[in-house]
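I have placed the structure first, in the form of structure tokens, so that the comments after it can refer back to it.
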Amino acid sequence: MKIGIPNITIGDIRKNRWSIGACAIVAAVLAMVYFIFITPIIAQKESLESRIKQQKELVAKYEQKLNQAQNIQENIARHEGDLKEMQKKLFQGGDPYQLAASLGDLLSSKGCADGQKLDIKTYQVLASQEHGLYQEVHLRFNLQTNVDGLYYFLSKVKSSEFAIQVQEINIQKIQRNKGPDLVVNVILAALMEKRENS
């Protein structure tokens, strides 16, 4: 069996000219529909895909910024809590000399056992420096005491309700038959409310 290409004659073309014309018209209409309707839809789809990609990138950036802002807000809330706790430990009032007198009373030997001899001879305000909402005051206390009295003094500083810290301590032993045998100079740093400007 031999398969060959059929011979198309001019007569066949004339005979099927309406069919060929209809096919050509259908092909032209399909091409026209493709170029008029489908090509703009494809271009619009590509444009929308590009915009969606840009919007997703923008949303990702905003989510990152939102997470950063949330972390900052949490840090601010934590610092605000720390600040409130610190404010509770600030000495109320803005006069450093009043602070020195109050600390002198607080740290003195009132309530000391008999063996804990502690005598605060002098106290002095050395410096006051303002920091934001509070001021830091440096105070020097001159004590005559013994080892038990010094331990009592330092334990009172440590357990004080105020924000106090020992900055410097100088201890000298003196020869005495009776009474305190230590001369102690202590510099304390204490936090207090900021002085109000008049």
Side-chain angles (χ1 to χ4, degrees), residues 59-198:
V59 165
K61 283 182 185 177
Y62 277 121
E63 283 178 353
Q64 184 181 8
K65 294 288 183 189
L66 188 62
N67 289 336
Q68 288 175 351
Q70 192 170 4
N71 289 339
I72 291 170
Q73 187 178 11
E74 288 170 1
N75 285 339
I76 288 172
R78 188 167 46 251
H79 289 314
E80 186 178 16
D82 293 344
L83 183 61
K84 284 181 181 175
E85 284 301 311
M86 190 188 78
Q87 281 179 327
K88 291 177 187 174
K89 293 189 168 197
L90 292 180
F91 180 79
Q92 306 299 311
D95 184 7
Y97 293 97
Q98 183 185 1
L99 170 63
S102 296
L103 286 180
D105 289 341
L106 175 73
L107 302 172
S108 69
S109 60
K110 294 173 186 173
C112 259
D114 290 337
Q116 299 170 344
K117 300 291 183 186
L118 175 62
D119 186 14
I120 298 177
K121 292 294 185 186
T122 60
Y123 54 81
Q124 174 184 10
V125 176
L126 298 178
S128 176
Q129 188 174 17
E130 293 187 354
H131 302 279
L133 300 174
Y134 65 93
Q135 60 180 325
E136 181 179 342
V137 181
H138 289 217
L139 309 161
R140 182 196 310 270
F141 286 86
N142 183 279
L143 320 170
Q144 279 191 350
T145 187
N146 57 22
V147 172
D148 292 330
L150 179 59
Y151 177 79
Y152 174 82
F153 178 86
L154 294 175
S155 66
K156 291 287 273 187
V157 168
K158 184 177 180 182
S159 64
S160 171
E161 63 182 81
F162 301 119
I164 310 170
Q165 180 179 342
V166 175
Q167 292 289 97
E168 186 180 317
I169 188 164
N170 183 0
I171 304 170
Q172 290 180 334
K173 183 165 177 62
I174 55 174
Q175 296 297 326
R176 292 180 111 184
N177 293 332
K178 287 185 177 182
D181 59 351
L182 298 177
V183 174
V184 182
N185 282 308
V186 183
I187 296 177
L188 300 177
L191 300 182
M192 65 184 300
E193 288 181 334
K194 197 170 187 179
R195 189 181 310 190
E196 291 182 13
N197 295 328
S198 49

### All side-chain hydrogen bond (donor to acceptor under 3.5 Å, both in side chains) counterparts of D181, not counting sequence neighbours
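D181 satisfies side-chain hydrogen bond (donor to acceptor under 3.5 Å, both in side chains) with K173 only.
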#### Entry: Non-neighbouring partners of N67 that pass side-chain hydrogen bond (donor to acceptor under 3.5 Å, both in side chains), sequence neighbours left out
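With sequence neighbours excluded, N67 shows a side-chain hydrogen bond (donor to acceptor under 3.5 Å, both in side chains) to no residue whatsoever.
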Drop me the distance from [X]'s [atom1] to [Y]'s [atom2], to the nearest 0.5 angstrom.
{"X": "N146", "Y": "L182", "atom1": "CG", "atom2": "CG", "answer": "7.0 Å"}
{"X": "L139", "Y": "L126", "atom1": "CG", "atom2": "CG", "answer": "7.0 Å"}
{"X": "T145", "Y": "F153", "atom1": "OG1", "atom2": "CZ", "answer": "9.5 Å"}
{"X": "Y123", "Y": "L188", "atom1": "OH", "atom2": "CG", "answer": "13.5 Å"}
{"X": "Q172", "Y": "N185", "atom1": "CD", "atom2": "CG", "answer": "7.5 Å"}

Pairing residues for [X] by the side-chain contact (heavy atoms from CB on, under 4.5 Å) criterion, not counting sequence neighbours:
{"X": "E74", "result": "Q70, N71"}
{"X": "Q167", "result": "H138, Q165, I187, A189"}
{"X": "I174", "result": "R176, V183"}
{"X": "Q68", "result": "Q64, K65"}

### Message
Working note: I169 + L150, criterion side chain to side chain contact (heavy atoms under 4.5 Å, CB included); need CA distance, chi angles, decisive distance, verdict.
### Response
CA-CA 11 Å; I169 188 164; L150 179 59; 4.1 Å; yes
#### Entry: Pairing residues for K121 by the salt bridge (charged side-chain N to carboxylate O under 4.0 Å, His left out) criterion, not counting sequence neighbours
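K121 satisfies salt bridge (charged side-chain N to carboxylate O under 4.0 Å, His left out) with D119 only.
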#### Entry: Heavy-atom closest pair, residues L154 and V166
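Heavy atoms only, the tightest pair is CD2-CG2, 4.1 Å.
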